[in-house]
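What you see is a predicted model, and the numbers here were worked out from it, not measured in a lab. Hydrogens, waters and symmetry mates are skipped; everything else that's a heavy atom, side chains included, is used.
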Amino acid sequence: MARVLKNWERLVRATLEREQLRDAGQGHARRPSGIAGAVQLPPSLGRATNIDAILQAADEIQAEDPNVARILCEQAYGMAQNLDPNSEGRGVLQFKTGLMSVIKQKLAKRDGGRIDRNRDIEHLWEFYNLYKRRHKVDDIQREEQRWQESGTFSSTSLGDALGMKKVLATLRALVEVMEALSKDADPDGVGRLIKDELRRIKNADATISGELTPYNIVPLEAPSFTNAIGLFPEVRGAISAIRYTEHFPRLPSSFSISGQRDPDMFDLLEYVFGFQKDNVRNQRENVVLTIANAQSRLGIPVEADPKIDEKAINEVFLKVLDNYIKWCKYLRIRLVWNSLEAINRDRKLFLVSLYFLIWGEAANVRFLPECICYIFHHMARELDSIVDHGEANPARSCTAESGSVSFLEQIICPIYNTMAEEAARNNNGKAAHSSWRNYDDFNEYFWSPACFELSWPMRRESPFLLWPKKGKRTGKSSFVEHRTFLHLYRSFHRLWIFLVVMFQALAIIAFRKGHLNLNTFKILLSIGPTFAIMNFIESCLDVLLMFGAYATARGMAISRLVIRFFWCGLTSVFVTYVYVKVLEEMNDRNSNSLYFRIYILVLGVYAALRLILGLLQKFPACHTLSEMSDQSFFQFFKWIYQERYYVGRGLYERMTDYFRYVLFWLVIFLCKFTFAYFLQIRPLVSPTNTIVDLPALQYSWHDLVSKNNNNVLTIVSLWAPVIAIYLMDIHIWYTLLSAIIGGVMGARARLGEIRSTEMVHKRFESFPEVFAKNLVSQQTKRMPFDRETPEASQENNKTYAALFSPFWNEIIKSLREEDYISNREMDLLLIPSNRGSLRLVQWPLFLLSSKILLAVDLAIDCKDTQADLWNRICKDEYMAYAVQECYYSIEKILHSLVDGEGRLWVERIYREINNSISEGSLVITLSLKKLPVVLQKLTALLGLLRNEKPEEKGAANAVYQLYEVVTHDLLSPDLREQLDTWNILARARNEGRLFSRIEWPKDPEIREQVKRLYLLLTVKDSAANIPKNLEARRRLEFFTNSLFMDMPPAKPVCEMMPFCVFTPYYSETVLYSPKELREENEDGISTIFYLQKIFPDEWENYLERINEGKSTGNVEAQRSNNDLELRFWASYRGQTLARTVRGMMYYRRALMLQSFLERRSLGVDAYSQSDYLTTEGFELSREARAQADIKFTYVVSCQIYGQQKQNKKPEAVDIALLLQRNEALRVAFIHAEEVGADGKRQFYSKLVKADINGKDQEVYSIKLPGDPKLGEGKPENQNHAIIFTRGEAIQTIDMNQDNYLEEAMKMRNLLEEFRGNHGIRPPTILGVREHVFTGSVSSLAWFMSNQETSFVTLGQRVLANPLKVRMHYGHPDVFDRIFHITRGGISKASRVINISEDIYAGKLG
């Protein structure tokens, strides 16, 4: 037995050593270190206890006191033993054995002595008090109390928030262990002290539990001292708006309120309808943020007790319940409220909260938006009756026979089970569409008043809920899909009819030689039978392609098919018969043209009816009248003309938009038919007549080819190519016209303003002003720009540059972080803050590089006047800027270096030079040929001043040499003599005091000017070579070009529209592993070698960033210390989730920067006007972080993350690493666990984030009715996670897309398009250009990248305006979140039916 224990301890020791190697970056599956990392906690133990938190606390304190760490570990072991004494759970035995071995190996006494456990509780109490004093926990608690009373906190009182959270987590674990051990402590000694401490914590101390209570964005369950969101007045007002009042029904005393908050509306809804607690927590935060953001747009409450404006409540109410209101209007049923004015704000908030709770727990039923309206309609009525009573009682519809109350079990599960049974019949999408019901079929059931036959509570024997083969169930609604080429005609029959009829008319005119008379007109009327017959063919196809669904389809849908079939059949027979009679009348000279008049009357009446119906459908005013018409006569004809659906009823635009649409197509048709008549049809008339008139010729196979057919095959071969081109060239004409219009629109939008890097250089001077105009909010500007004097204009330019510089510099820094530019290029691209005392704008050095040297050459060669020299310099405006900045900077630097007589010399020199400049005699005062010598001495001085370590003696010597050169070489003889005989200066020089004392630059502004002036004098590179990287050039060109486009002005961050980014993920690459990077293929090429060769400059920049110097080709040399960084570098150049997450988190960084510059103060000391544009520390600002978190969330829906964690897949570890590195990232996944002896699986939708220890922290866990994957995988993945999104807009991002900081800065402007005037209705989807970043990999990738650019720019531009029919691929488009989640989500999930699962909005765009 001893040998077994010894071997086991050796195994544990090896495990710990391996964990240490993983901490150093070795290996792919990096896990937490220490005790918690050495033993894997089974899920069965982790859910019910805080064992993991106790082990994490033991990790934190084992270095301080191993004995206390041992006590915590033993307590964790005891808790595991109490939960599972027989170790029956999966992994429990391994956990216990491993933990005990760790205790023996790491925490037992080193001398092998026996551990005295009798004093464990005293030792733990002593350590607890010592720990509290060391980390000043009492000060934190007092600060929190002051914060709760005043709503403000000081910016210097807290320190590192993450460190404080770790302290509180450790303290919480100590308290829990003390509470457990205090039962056996001396009641008169330490036991009494512990009980007093526990009583004090429970009664008055919310700090520990508040900081560690899991929350998503807003800490609603308990106040968080480190999260500033709770201080925002609009958030406090929203929380107050949903708070429970005495007017609400009383909750039973047995109902418990979670957390440390006051009761609110959601508690009543949870009790009445049995919603899940985590669903309630999730939607409570959703509603609070929705109300708070609506209020922030109207204005921030300023009163001490903030109140939400009634207008904000109404806005949220009407938007959330908009689909329900339209549904009731469509079915002509009464709303659950009489009028908007008749219900108070509490009732509105109750209804909004109820709708969100229904939607949040509906699971797959979310794909049935009108079904949710039906559920909400009845539950709202139940809520009305309950709210009017004094006592709260469970709703009858959600109460089971056993008495339990569950919305999921009683409402959602019956619908889900029926949908699951139907989905099981589709044979993975291969079964006939008519044999099973999809999501749309279920939803369309609620488009008819017949849906109320379902009753409430829902009748389980209703045909709607019947499973297949269990009686006559509700079947297909109005459509069944058959895969056939006949859809080519059926789907585009209007276009086919139009083209055939027009070809027939043009051919008749051509064969009549253009003579338009009565006979020609009668022949042209032959298009009537053609039109009727082709319509009849379409109705036949409707009947044929509905086959298979007649037994289950709605009776009204079948009736319409039958009526149209007979109607089209009879009309085609009648029109054809009458027209034959018209032809007979043409040959009869004595005819009275009766049939002709009948024919004209019939066609006229039909054309008039179609015109009237068309007007009713297209013109807004007429469309409104037609919707108001309730007469059955009109409704019948409208129904025959077009079946009445709930969706698609409002597809009409303004008259001006409609006329533009018509005009566009009129131009196309005019060009097409003109071309067809004059160049296709008319030239063939004469050859056709000639061929027809040829005498019969004998050919081989005469009976088949030419016998009595007037050479018809020859005519067919002649006309076939013309007809084929005629049918296809409409697309050619459309392409030509759309290219012309799209090009003109692009030019008007100034899309080609910046076309190259050279244009960036030339136009850089105009960037600050247009940037301030478009991308900087008024709250950031806060200064006038309307002065017109030259001095004021110069000051305005400097102010614009000061506004522009922090944003531009962050963009350049992001390029450096991404290794697109080197450190040197970053220094040249950065723009000074322009907040100093210099009187001119300071531009980036890459614009001014080598300009001084060129100016010196011009000065040396100058033989003219000062004005001529200055004119030649000013031909290059950046050369003029460089000369002026050099001149003023030298004065400022020298003035700060020297004092006494030296400062007097500097002032005298500059006074003389300024006088010479004003008199125009500079070329006489100075010997310009000596400028190179002066610059040489000045460069030597600046080179010394750049060093951090003072070298005052060397600097003094350099200044004196500069003095000698300037005085005796540069100045004219007269001025030189004056200075040499200047008594003050001569005395100091003779006594050795001149420049003997140098004040080393310490002022940050002076040091920055020294560094900048040195680069200005030494850099000789051309600006055309900066930056060298092509991707960096492309991004800067695209960004600067977009500044000149017409865009909505940027709102302050607090007033902008909140949004969420949503990314679905399955099992794609998250991060490249070391093995994947170094594994060679059959050609001996590894991935990292390939990346080095196709991104050589980025590889060099990466090595420079990690201080490894230039590459020697030996990658293994960097493996030990930079393996993880190398993995990220490689992953950021592939299609990985890590790249997507980094790109999307730029949104948060941009918002933090913008919010920081806007300086929204929450009790923090006010910022002075002089430093409000500094960006230093903006990422650490709690106010900026909180403001960004209110406006932006990022959810990645990792569908099988739970399985990946259980199976210990490397993808799960990499996703956890992304969570650790991005605190705002949230991961949603589907968790499945077996329940019961039969192995039945229960599914949960979970949301996790990283906790203070970098481990997954479960925020929400919402039970699902069953397996959520009934349809296509990606839409189902999106649907389960969309409940965790926030905001009013949602951007859908695929797993292989990227984003950049400079583009993220424009998100505020883009979201304002939702509020722009784009027609009758506000937009619900914003199309966003997609850049394919893999275009540089190969020629094929380059072609596809350009094709994508063409598709989403020029082509989509014309579809959007003037045609108003833009199609949306879905990503990276931005959706109106509230609009879409109340209408079935952002994608369709029915198997096979709805386009491709990769298209988000294929059916919604």
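- Contacts of Asn1279 classified as side-chain contact (heavy atoms from CB on, under 4.5 Å), with partners at least two apart in sequence or in another chain: Arg366, Phe367, Glu1276.
- A donor atom on one side chain and an acceptor atom on the other are not found under 3.5 Å apart for Thr1193 and Arg1226.
- In this structure, CD1 in Ile1190 is found 11.5 Å from CG in Leu1151, a value given to the nearest 0.5 Å.
- Taking Asn1361 as the reference, Arg660, Met745 meet the side-chain contact (heavy atoms from CB on, under 4.5 Å) condition, with sequence neighbours excluded.
- Between Met1145 and Ala1224, the shortest heavy-atom distance links the atoms CE-CB, 3.5 Å.
- When side chains are defined from C-beta on, Phe273 does not count as touching Leu357, because their heavy atoms never get closer than 4.5 Å.
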* Chi angles and distances behind the salt bridge (charged side-chain N to carboxylate O under 4.0 Å, His left out) call for Arg345, Asp309 -> CA-CA 10 Å; Arg345 56 186 294 155; Asp309 197 314; over 6 Å; no
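- Within the structure, ring-ring contact (aromatic ring centres under 6.0 Å, His included) contacts touching residues 281-319 (residues at least two apart or in different chains) are Phe317-Trp337.
- Looking only at atom types and distance, the side chain of Asn227 has a donor-acceptor partner in the side chain of Tyr215 under 3.5 Å away.
- For the ring pair (Phe, Tyr, Trp, His ring centres under 6.0 Å) with Phe1229, the lone residue among Tyr1244, Tyr1066, Tyr1201 that qualifies is Tyr1201.
- Applying the salt bridge (Lys or Arg N to Asp or Glu O under 4.0 Å) test to Lys348 and every residue at least two apart in sequence or in another chain returns Glu310.
- Residues Val1070 and Tyr1065 have side chains in contact (heavy-atom distance under 4.5 Å, counting atoms from C-beta outward).
- Figure legend: Lys277 and Tyr1260 shown without cation-pi pairing, the cationic atom not lying both under 6.0 angstrom from the six-membered ring centre and within 45 degrees of its axis.
- For Trp359, there are no ring-ring contact (aromatic ring centres under 6.0 Å, His included) partners, not counting sequence neighbours.
- Residue pairs meeting the salt bridge (Lys or Arg N to Asp or Glu O under 4.0 Å) criterion with at least one member in residues 280-298, sequence neighbours excluded: Glu221-Arg281, Glu221-Arg284, Asp264-Arg284, Asp267-Arg284, Asp278-Arg281, Glu285-Arg1286, Arg297-Glu315, Arg297-Glu1288.
- Closest non-hydrogen pair, Ala1250 versus Leu1219, comes out as CB-O, 3.4 Å.
- Contact detail for Asp1294 and Gln1297: the closest heavy-atom pair is N-OE1, 2.6 Å.
- Of the inter-residue distances, the one linking Ile358 atom CD1 with Phe356 atom CZ reads 11.5 Å to the nearest 0.5 angstrom.
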* Begin from the C-alpha positions of Phe1156 and Glu1183 and carry the test side-chain contact (heavy atoms from CB on, under 4.5 Å) through to its verdict. => CA-CA 8 Å; Phe1156 185 79; Glu1183 292 84 356; over 6 Å; no
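- The salt bridge (Lys or Arg N to Asp or Glu O under 4.0 Å) test applied to Asp305 returns Lys307, not counting sequence neighbours.
- For the residue pair Glu1313 and His1318, a side-chain donor N or O sits within less than 3.5 Å of a side-chain acceptor on the partner.
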* ring pair (Phe, Tyr, Trp, His ring centres under 6.0 Å) evaluation trace for Phe1192 with Phe1059 -> CA-CA 5 Å; Phe1192 167 75; Phe1059 72 104; 5.3 Å; yes
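- By the side-chain contact (heavy atoms from CB on, under 4.5 Å) test, Cys373 pairs with Asn323, Tyr324, Trp327, sequence neighbours left out.
- Contact record, Phe275 with Leu269: CD1-O, 3.5 Å, taken as the closest heavy-atom pair.
- The heavy-atom pair separating Cys1198 from Ile1215 by the smallest distance is SG-CD1, 3.9 Å.
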* Could you give me the CA-CA distance, side-chain angles and deciding distance for Val1195 and Cys1060, then say whether side-chain contact (heavy atoms from CB on, under 4.5 Å) is met? => CA-CA 8 Å; Val1195 178; Cys1060 174; 4.3 Å; yes
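- A pairwise comparison of heavy atoms in Gln1278 and Pro1064 identifies NE2-CG, 4.0 Å as the closest pair.
- Between Phe1375 and His1380, the ring planes are perpendicular. Angles over 60° get that label, and only those under 30° would be called parallel.
- The distance from atom OG1 of Thr1324 to atom CD1 of Ile1378, rounded to the nearest 0.5 Å, is 13.0 Å.
- Listed for the Ser296 side chain is a donor-acceptor partner under 3.5 Å among the backbone atoms of Cys1054.
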* **Test side chain to side chain donor-acceptor pair (under 3.5 Å) applied to Tyr1146 and Glu1302, step by step** => CA-CA 9 Å; Tyr1146 278 135; Glu1302 62 270 19; over 6 Å; no
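- Considering CD1 of Ile1386 and CD1 of Ile1282, their distance stands at 4.5 Å, rounded to 0.5 Å.
- The salt bridge (Lys or Arg N to Asp or Glu O under 4.0 Å) test applied to Lys319 returns Asp1376, not counting sequence neighbours.
- Here the side chain of Gln1291 pairs a donor or acceptor atom with the backbone of Pro1372 at under 3.5 angstrom.
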* Asked: Going through the distances and angles, do Phe1284 and Asn286 end up as a side-chain contact (heavy atoms from CB on, under 4.5 Å)?
  -> CA-CA 8 Å; Phe1284 303 124; Asn286 181 30; over 6 Å; no
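- Residues Ile291 and Leu349 are in side-chain contact: their nearest non-hydrogen atoms beyond the backbone lie under 4.5 Å apart.
- Separation of atoms CG (Leu1310) and CE (Met1307) is listed at 5.0 Å; rounding is to 0.5 Å.
- Lys1306 and Asn774 share no donor-acceptor pair across their side chains, judged by distance under 3.5 Å alone.
- For the residue pair Asn1309 / Glu1312, no side-chain donor-acceptor distance below 3.5 Å is found, with atom types taken as modelled.
- Of the possible polar contacts, none joining the Thr1382 side chain to the Val320 backbone as a donor-acceptor pair under 3.5 Å is found.
- Separating the CG atom in Leu1247 from the CD1 atom in Ile1262 is a distance of 9.0 Å, to the nearest 0.5 Å.
- Legend: residues meeting side-chain contact (heavy atoms from CB on, under 4.5 Å) with Ala1150, ordered by chain and number and at least two apart, are Leu1301, Ala1304, Met1305.
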* Asked: Taking it one step at a time, do Phe376 and Leu351 satisfy side-chain contact (heavy atoms from CB on, under 4.5 Å)?
  -> CA-CA 9 Å; Phe376 169 78; Leu351 294 175; 4.0 Å; yes
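- With sequence neighbours left out, the salt bridge (Lys or Arg N to Asp or Glu O under 4.0 Å) criterion links Asp322 to Lys326, Arg1383.
- Identified under the salt bridge (Lys or Arg N to Asp or Glu O under 4.0 Å) test for residues 1144-1155, with sequence neighbours left out: Glu810-Arg1149, Glu817-Arg1149, Arg1148-Asp1189, Arg1148-Glu1223, Arg1149-Glu1179.
- Although no hydrogens or angles enter the test, the distance criterion places no donor-acceptor pair under 3.5 Å between the side chain of Lys1249 and the main chain of Val1227.
- The pair Arg1308-Glu1158 counts as a salt bridge, with a side-chain nitrogen and a carboxylate oxygen less than 4.0 angstrom apart.
- Ring centroids of Phe807 and Phe771 are separated by less than 6.0 Å, placing the two rings close together.
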